[in-house]
Amino acid sequence: MAPDALERKKQEKSVGLKELPGDYSSLVLRFAPNPNGPLSLGHSRGVVINSEYAKMYGGKVVLRFDDTDTKVKPPIPDAYSWIEEEFEWISGRSADIVIRASDRMPIYLDYARKMIQDGHGYVCRCKSEEFREFRNLKEECPCRNKSIEGNIADWEEMNERVIESGGAVVRVKTEMTLPNPALRDWPALRIQHKPHPMVGDKYKVWPLLDFQSAIEDHEQGVTHIIRGKDLMDSTRKQTLLYEHFGWEYPVALYWGRVKVHEYGGFSTSSIREAIDSGSKEGWDDPRLPTIKALQRRGFCSDSLREFWIDLGLSQKDISIPLQTLESFNARIIDPKTERRVFVGDPSEILLEGELPTSDLRLPRHPENPKAGNRNWEVGGPVAIQSSDVGDGVVRLKDFADVKIVDEYANIESFEKSDERRIIHWLPLKNSRKARLVIPNGDEINELNGLLEDIDLVIGDVYQLERVGFARLDRFEEDFTAVLIWLHS
RNA sequence: GCUCGUGUGGUGUAGUUCGGUCCAUCAUGCCGCCCUUUCGAGGCGGCGACCCGGGUUCAAAUCCCGGCACGAGCACCA
């Protein structure tokens, strides 16, 4: 009889995102970037995970700009619209609700005042180093037992610009004996006198992330918070605040840190510095891990979605090669990417022998005849890659077996007659000067050559035969085509 | 130091809740072959893993204890 082994069914890998815990019947999620620059590859994880879950359960995503810092990470005015557009590009839909923390300051300040009034918060005028001492010693600082009236008076002074920046902070009253030092009377609001790029100098007291985010999540009715596990203590801090207000904290889920080999560690601030110092061209410099750069190189948004969904919500810290994303992208774009020839470092040769009288008709896509043809004039000189000459016995792809001697290529057969190497080539008549720009770590490598000059559309991605995928970025004044390397 | 989190092939990932259906899934990578007028795509095959040590149990990737490693938080940044 059949052994058990034949009946045993192989286990399967579950695909897609796992079921969300908690009640997701009226799901509200949020994605909360700082508009101190456009979105990066890392941000796209938040966009994808949140928007995919919203799609799964018919929920909503709030796009919230956490722009409450004017000093360390000041917002860039243009970044608000960049991010809205990038969110839409990545997720394939626009955010359901878009809000800016800087527009909602009165709400935060009201809650802060209420917290003080209720005795759950206090104005602390210790220096940060002094407070750190108290925190480490699990001791209460002198400001902690001030009367509510005294705290309200200090609060007024903070808001009336009587107290200088750095002179006072509002703390949430927890317990100084809490085992986790991060939770002991954590800071909720501080003074910033540097004007905000969007709302000017209207406010003197600004909430910190943990406070602003907690209040706004409640205001928006957020049901699930999905964020990096570096924010686990934020959850704990905010839960204590919610207890003060008598609110129920959303379900929190986390992902671990992701490092992409090719990009290493980076931050929006560090990219901004690199651009300001001139070591990078701009936010879309192809070496950068920004969404703008990935778009410019020709990545499609589906690849980003598949990539992040495949990674899922693991709390593991991972380091992954860009190649993984590239393989997703290649699989998706290959069926719809037209072929062209790019000859890098070209050598000119002349064809000898009997030439066909009609043009050579090549498919724009080998698996999709409907895409049509590219027609080449085979008379006249042609270009081949210098490194392809070898012993001279090669097949010019889609054309003929030739033997190359010096500058001449003798046509031996149109049919494929043996196992000789197949190389790509290009009639000069059908070519134009081109430059392939290849990002390589912190460098940019450039390869000069000739590009098949047939129906080239700026912004389109082509598969350069035997080379790889690249996107046509622009034409220069002398008509040189500039291609940006995507991947092989 | 305190607190928290995570450990499955080279890289990711499924399985861990409720131990057996797991001599462990899938992808990517690498190797080989087939097909092919691309070194692309596709097809087929192969390589390769449960952090370590105890314990419970007929049975542990899965439960318990103890190590170890890595990461994060302890900012008047987000």
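Given the structure is predicted, the values throughout are model-derived calculations rather than measurements.
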Send over the distance from [X] [atom1] to [N] [atom2], rounded to a whole Å.
X: A:R171; N: B:C74; atom1: CZ; atom2: P; answer: 13 Å
X: A:E19; N: B:G15; atom1: CD; atom2: P; answer: 13 Å
X: A:M176; N: B:C2; atom1: CE; atom2: P; answer: 18 Å
X: A:L208; N: B:A78; atom1: CG; atom2: C1'; answer: 10 Å

Can you figure out which of [options] approaches the side chain of [X] most closely?
X: A:R257; options: B:U3, B:G71, B:C77; result: B:G71
X: A:K316; options: B:C2, B:G7, B:C77; result: B:G7
X: A:K13; options: B:U25, B:A78, B:G5; result: B:U25
X: A:I318; options: B:G5, B:U13, B:G73; result: B:U13
X: A:P187; options: B:C77, B:C4, B:C76; result: B:C76
X: A:D233; options: B:G71, B:G7, B:G73; result: B:G73
X: A:P321; options: B:A78, B:U25, B:U11; result: B:U11

Between A:D388 and A:K229, which has a closest nucleotide on RNA chain B that is more 5'?
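First, find each residue's nearest nucleotide; the 5'-ward one identifies A:K229.
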
Legend entry - Earlier contact from the 5' end, RNA chain B, for A:L178 and A:D67: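 Its nearest nucleotide being more 5', the pick is A:L178.
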
Which part of the nucleic acid, if any, lies within reach of [X] when heavy atoms closer than 4.0 Å are counted: base, sugar-phosphate only, or nothing?
X: A:R421; result: base
X: A:L311; result: sugar-phosphate
X: A:L231; result: base
X: A:G166; result: base
X: A:Y254; result: nothing
X: A:S488; result: nothing
X: A:K18; result: sugar-phosphate
X: A:S165; result: nothing
X: A:Q323; result: sugar-phosphate

Notebook entry, point to check: Taking the six-membered ring for Trp, are A:F399 and A:F414 ring centroids under 6.0 Å apart?
Noted result: yes

Quick check: do [X] and [Y] have side-chain heavy atoms less than 4.5 Å from each other?
X: A:W425; Y: A:V341; value: no
X: A:V402; Y: A:I349; value: no
X: A:V169; Y: A:V123; value: no

Hits for ring-ring contact (aromatic ring centres under 6.0 Å, His included) against A:F307, two or more places apart or cross-chain, chain-then-number order -> none

Output all residues satisfying ring-ring contact (aromatic ring centres under 6.0 Å, His included) with A:H120, sequence neighbours left out; order by chain, then residue number.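 Here the qualifying residues are A:H244.
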
Spacing of the [atom1] atoms in [M] and [N] (rounded, Å):
N: B:G7; M: B:A61; atom1: C1'; answer: 12 Å
N: B:C63; M: B:G15; atom1: P; answer: 13 Å
N: B:G73; M: B:G54; atom1: C1'; answer: 32 Å
N: B:U13; M: B:U6; atom1: C1'; answer: 15 Å
N: B:C31; M: B:G10; atom1: C1'; answer: 14 Å
N: B:C51; M: B:A14; atom1: P; answer: 15 Å
N: B:C64; M: B:U16; atom1: P; answer: 15 Å
N: B:C34; M: B:U21; atom1: C1'; answer: 36 Å

Between [X] and [N], is there a side-chain N or O to OP1/OP2 distance below 4.0 Å?
X: A:R190; N: B:A78; result: yes
X: A:T324; N: B:G29; result: no
X: A:S319; N: B:U11; result: no

task = May I ask you to establish whether A:R64 and A:F31 are in a cation-pi arrangement, using a distance under 6.0 Å from NZ or CZ to the six-membered ring centre and at most 45° from the ring axis?
result = no

Dot-bracket assigned to RNA chain B with the 3.5 Å Watson-Crick/G-U criterion, [ ] for crossing and | for other-strand pairs, is (((((((..(((.......[.....)))((((((.......))))))...(((((..]....))))))))))))....

Scan residues 326-343 of chain A against RNA chain B and write down, sorted by residue number, each residue with any heavy atom closer than 4.0 Å; if none is found, say none.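 Contacting residues: A:S327, A:D334, A:R339.
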
Which residues share a side chain to side chain contact (heavy atoms under 4.5 Å, CB included) with A:D23, sequence neighbours left out: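 Checked A:D23 against side chain to side chain contact (heavy atoms under 4.5 Å, CB included); matches are A:S25.
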
query: side chain to side chain contact (heavy atoms under 4.5 Å, CB included) with A:V98: which residues, sequence neighbours excluded?
result: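 Once residues adjacent in sequence are excluded, the partners of A:V98 under the side chain to side chain contact (heavy atoms under 4.5 Å, CB included) criterion are A:L63, A:F65, A:E84, A:A95.
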
Is there a donor and acceptor pair closer than 3.5 Å between the side chain of A:Q463 and the base of B:U38? yes

Decide, yes or no, whether a salt bridge links A:D310 with A:K13 under the criterion of side-chain N to carboxylate O below 4.0 Å. yes

How far apart are the C-alpha atoms of A:V461 and A:I333, what are their side-chain angles, what is the distance that settles it, and do they pass the side-chain contact (heavy atoms from CB on, under 4.5 Å) test? CA-CA 9 Å; A:V461 175; A:I333 67 172; 4.1 Å; yes

Subject >> Of A:L294, A:V47, A:T290, the residue whose pairing with A:L39 passes side-chain contact (heavy atoms from CB on, under 4.5 Å) >> reply: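 Only one option passes, and that is A:V47.
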
